[in-house]
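By convention in this document, chain letters (A, B, ...) are assigned in the order of the sequence lines, proteins followed by strands, and residues within each chain are numbered from 1.
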Number of protein chains: 2
Amino acid sequence: MSNYSTSEENYIKAIYHLQPEGVVTTNELAAELNTRAASVTGMMKKLRSKKLVHYESYKGFRLTSEGRKLALMIVRRHRLWEFFLAEKLKFSWDEVHVVAEEMEHVSSKKLIDKLDEFLGFPRTDPHGDPIPDANGRIEVVRSICLTELPLNTASTVAYVSDQSTGMLELLGHKKIAIGTALEVKKKFSFDNSMEIRIRQQPVTTISGELAKNIFVKYDE
Amino acid sequence: MSNYSTSEENYIKAIYHLQPEGVVTTNELAAELNTRAASVTGMMKKLRSKKLVHYESYKGFRLTSEGRKLALMIVRRHRLWEFFLAEKLKFSWDEVHVVAEEMEHVSSKKLIDKLDEFLGFPRTDPHGDPIPDANGRIEVVRSICLTELPLNTASTVAYVSDQSTGMLELLGHKKIAIGTALEVKKKFSFDNSMEIRIRQQPVTTISGELAKNIFVKYDE
DNA sequence: AATTAAATTTAGGTTTGTCTAAAATAAGAT
DNA sequence: ATCTTATTTTAGACAAACCTAAATTTAATT
Ligand SMILES: [Mn+2]
Ligand SMILES: [Mn+2]
Ligand SMILES: [Mn+2]
Ligand SMILES: [Mn+2]
């Protein structure tokens, strides 16, 4: 039944990331994967024959439910390994992705389910992205941008959209991570900078640029 | 410098297992890898050009010191993952190999060294085979066959040469595993069966066939 | 409706790793 | 020394994934 090549899996995952349900175009996918449009067309024919995508010439493609299921399994593997690397092996935030990119293709279902159990069934990866469960169910993370958060409202950092090294460094310095509880005390419209309070600590100022990339959810 | 394909790595590891230092022939390697002699010849030319093997037509091949170093790194990865699977994810003895066969090709050096640390620098894998350290140094396991062990001599199971499922089942039933302390109480020359005592338990009988596959080292 | 530009597909190659069948070589037996 | 056989290498093909360049289709503009 199943058993797909690394390449096929990378294509399926990329389609999922661009559009879990909707239509993706050849050039979009080529850009995402750092490959050429011609290569994408070839692969789409193959994935169509394997019933993983719907595809008609010149009309783009979207995942079949089969394809989406596979994508979710790959995402699951990727994020569980990221969690393992960060939590157990003490890799830093920006290092986990590259390694997980390779590990996600080790295909043993039992391996992944046992890993999940070993890790204590984590809900999100180190970047705050939700981890699909063994059946491919994935939580919809209801998060809003820090710039939208009302003043003096208890919230928790859920997700960071820019996952570059520079971002990591800055967040580390400001002591902000996934799960950090904070509230916004003051906003300055001039430059969109804001003052925030992290737990009981004295307020700090962060730039509008930074705030734009931080997503939080309301505390229950 | 380094970065070898899965196929190249599997060839290098197979050569190492057949002959860490000595000469390996084309057909031997083809048999080991379930491939054809012609494919082996092709790969040997490639590995020669990468200075991983010494190779002259019709004369077989052996690993260069570079090749041996690579082999040891692959063996290191393989056995550390086997240990991880058995120890942390509770895989049984006979399941770990197939999965590790895939995981051994994830190439991050940092990953492996951190994994080693996380696991507490284990000396041997679940089958009793020694794990090379980060510099490729590997312990020479000084073990003798259980059939050679003198009577009433304290010893510890170090290694099992047959690693099949049937063997695992039998060993499980007899409560024998790597690290089990035992001594031989009586040998019967008629069928080479023997009575052994595991720690304080009552003696059990094992067949000559089984004893032949168990290797022990003297307790210090 | 005709022209042009952008997106996509097709055509034709390359690389890696595999295979089968044929040719070449080495080594043992007469 | 020649024959025979087993081993190894070469030759030629194939599949998977990729590439570039050319052709085609779609969509937007005059
Ligand atoms: Mn990947
Ligand atoms: Mn992630
Ligand atoms: Mn392998
Ligand atoms: Mn082993």
Does B:Y55 place a side-chain N or O at less than 4.0 Å from the phosphate oxygens OP1/OP2 of D:dT9? yes
Please check if any side-chain donor atom of B:D191 sits under 3.5 Å from a side-chain acceptor atom of B:S193, or the reverse. yes
Could you report the tightest heavy-atom contact between B:S161 and B:K212, atom names first, then the distance? OG-O, 4.3 Å
Give a yes/no verdict on a cation-pi contact between A:K114 and B:F91, requiring under 6.0 Å between NZ or CZ and the six-membered ring centre and an angle within 45° of the axis. yes
Interatomic distance where CD belongs to B:E8 and P belongs to C:dT18 [whole Å]: 10 Å
Expressed as a whole number of angstroms, how long is the span from A:F61:CZ to C:dT8:C1'? 10 Å
Grab the OH-C1' distance between A:Y58 and D:dT26 for me, whole Å please. 8 Å
For B:K174, I'd like to know if atom NZ has over 12 heavy atoms of other residues, nucleotides or ligands within 6.0 Å. yes
A:H127: which of A:V96, A:I178, A:L168, A:V160 passes side-chain contact (heavy atoms from CB on, under 4.5 Å): A:V96
Locate the shortest heavy-atom distance separating B:F83 from B:P122; write the atom from each residue and the value. CE1-CB, 3.5 Å
May I ask you to list the residues of residues 35-50 of chain A, by number, that have any heavy atom positioned under 4.0 Å from an atom of DNA chain C? A:A37, A:A38, A:T41, A:K45
Using the ring centroid of each side chain, check whether B:F84 and A:F84 are separated by less than 6.0 Å. yes
Report yes if at least one side-chain N or O of A:S7 is closer than 4.0 Å to OP1 or OP2 of D:dC18; otherwise report no. yes
Over 60° means perpendicular and under 30° means parallel, so classify the ring planes of A:W81 and B:W81, tilted if in between. perpendicular
Please work out which residues in residues 11-34 of chain B have a non-hydrogen atom less than 4.0 Å from an atom of DNA chain D and list them by number. B:T25, B:T26, B:N27
